[in-house]
Amino acid sequence: MNKTFLWIVLAVIILGLLLILLNTRMGQSGDAPVPADNSVSAPVKPAPPVAQPPLPVTPGTPADGEKLAAAGVKPSPAAVERGFAFETGEETPATAENPAPASPGTTPLTAAAHDEKAPAEVKKAEKPAPKPQPAPRKAAPAPKNQTITNFVVFVRDGGATIRLDASSPIRFKHLELTSPSRVVVDLHGTWKLSEPGVPKGEMVKDVRLGKKGSDTRIVIDLHAKAKTRYILTKGKKRLDIRLDKTK
């Protein structure tokens, strides 16, 4: 009888411990009590979606690709299109189509920077080079043995004509002076000639010869101021100096 009572007491104690342990676990689960059917529940707003941070990009290496290939891992078409080498979640290194983001504080060098410098280089290339200035032409040296074969003064009504016939083309400069009136003609180079006879007339007073540097100078003294013309003929081997009275 005593043993039976002890077993009953022991079973009650064990059952009580089990109930206490069960109540303790239910309290820790935090399950809310189920409301009654006649209770009105407030509308529950859906929680906003939480943005997930991007997965870190781990560049693959040729050695990693060989290890994965040896393990039997093959890339899928979807993974290749998304830029993943294998179905391991690791992204391939950045390519020209998907460049890696630049680090903070650095300015990426883009094609636009090259395009901004391109116009200046093109303009420099298009700028024409200055044309070389032609050197001033030097006067050709006068031929040797130049001779005035005929030097004569013609008197006519209202003026006079001085004629020079030469052995080679005549190049000359002229100058009209006043006080006293005279005409100066410089023949280029050295010429052999003699002073002509001057007939009496109303225009020409005298004809004198001289030198002006390497040129031969002819000075025609006049009685009065005259209108002067210089005429070259016969292949520039004849020079007529026409002197006419001024009105």
Side-chain angles (χ1 to χ4, degrees), residues 107 109-247:
T107 303
L109 182 60
T110 60
H114 296 285
D115 295 340
E116 292 177 358
K117 297 181 180 179
E121 296 176 358
V122 173
K123 289 182 181 179
K124 290 182 181 180
E126 291 178 355
K127 186 177 180 181
K131 295 182 180 180
Q133 298 294 333
R137 293 184 179 180
K138 295 182 180 180
K144 298 181 180 180
N145 301 324
Q146 297 182 114
T147 304
I148 300 297
T149 58
N150 185 29
F151 191 6
V152 61
V153 178
F154 298 104
V155 176
R156 52 185 172 76
D157 293 339
T161 299
I162 294 91
R163 174 170 293 174
L164 292 88
D165 290 321
S167 60
S168 57
I170 299 173
R171 289 183 292 169
F172 68 97
K173 296 179 181 179
H174 60 85
L175 180 65
E176 287 81 30
L177 303 174
T178 58
S179 300
S181 297
R182 59 196 183 278
V183 175
V184 179
V185 178
D186 291 330
L187 303 179
H188 180 61
T190 302
W191 292 81
K192 294 180 181 180
L193 74 167
S194 56
E195 296 180 356
V198 180
K200 293 182 179 181
E202 300 177 355
M203 184 61 64
V204 179
K205 182 190 297 186
D206 192 13
V207 176
R208 296 178 286 125
L209 302 179
K211 297 287 290 182
K212 176 64 169 62
S214 60
D215 296 340
T216 301
R217 170 163 286 186
I218 300 173
V219 180
I220 304 170
D221 296 319
L222 305 177
H223 289 291
K225 185 178 180 180
K227 181 180 179 181
T228 309
R229 291 188 297 166
Y230 303 87
I231 304 171
L232 281 172
T233 56
K234 293 189 176 181
K236 297 184 180 182
K237 291 185 178 181
R238 170 173 286 183
L239 172 61
D240 287 337
I241 304 171
R242 291 182 60 88
L243 304 172
D244 296 306
K245 289 182 179 181
T246 57
K247 296 182 180 180

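Each of K205, R208, R182 was scored for a salt bridge (charged side-chain N to carboxylate O under 4.0 Å, His left out) with D221, with one residue passing: R208.
Counting only residues at least two apart or on different chains, the ring pair (Phe, Tyr, Trp, His ring centres under 6.0 Å) pairs with a member in residues 159-181 are F172-Y230, H174-Y230. The ring pair (Phe, Tyr, Trp, His ring centres under 6.0 Å) pairs that include a residue from residues 194-222 number zero, where partners must be two or more places apart or lie in different chains.
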**Asked** Can you check side chain to side chain contact (heavy atoms under 4.5 Å, CB included) on R217 and V184, steps first, answer last?
**Response** CA-CA 7 Å; R217 170 163 286 186; V184 179; 3.4 Å; yes

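Rounding to the nearest 0.5 Å places OG of S168 at 7.5 Å from CD1 of I148. To the nearest 0.5 Å, atom NZ of residue K237 and atom CD1 of residue I170 are 10.0 Å apart. Separating the CG atom in L193 from the CG atom in L209 is a distance of 5.0 Å, to the nearest 0.5 Å.
Side-chain atoms of L187 and L164, non-hydrogen and from C-beta on, do get closer than 4.5 Å to each other. Side-chain contact check for K211 versus T216: some heavy-atom pair is nearer than 4.5 Å. Residues W191 and I218 form no side-chain contact, since every pair of their non-hydrogen atoms from C-beta on lies 4.5 Å or further apart. Side-chain contact check for V207 versus E195: every heavy-atom pair is 4.5 Å or farther apart.
Checking side-chain atoms of T190 against main-chain N and O of Q146 turns up no donor-acceptor pair under 3.5 Å. Remark: the backbone N or O of D165 is paired with a side-chain donor or acceptor of T149 at under 3.5 angstrom.
Under the rule for a ring-ring contact (aromatic ring centres under 6.0 Å, His included), H223 has no partner lying at least two apart in sequence or in another chain.
Contact between I220 and V204 at its shortest, heavy atoms only, is CG2-CG1, 4.1 Å.
Between D244 and R156 there is a salt bridge, since a side-chain N of the basic residue sits under 4.0 Å from a carboxylate O of the acidic one. At a threshold of 4.0 Å, the pair D240-R163 counts as salt-bridged, since one of the basic side-chain nitrogens sits closer than that to a carboxylate oxygen.
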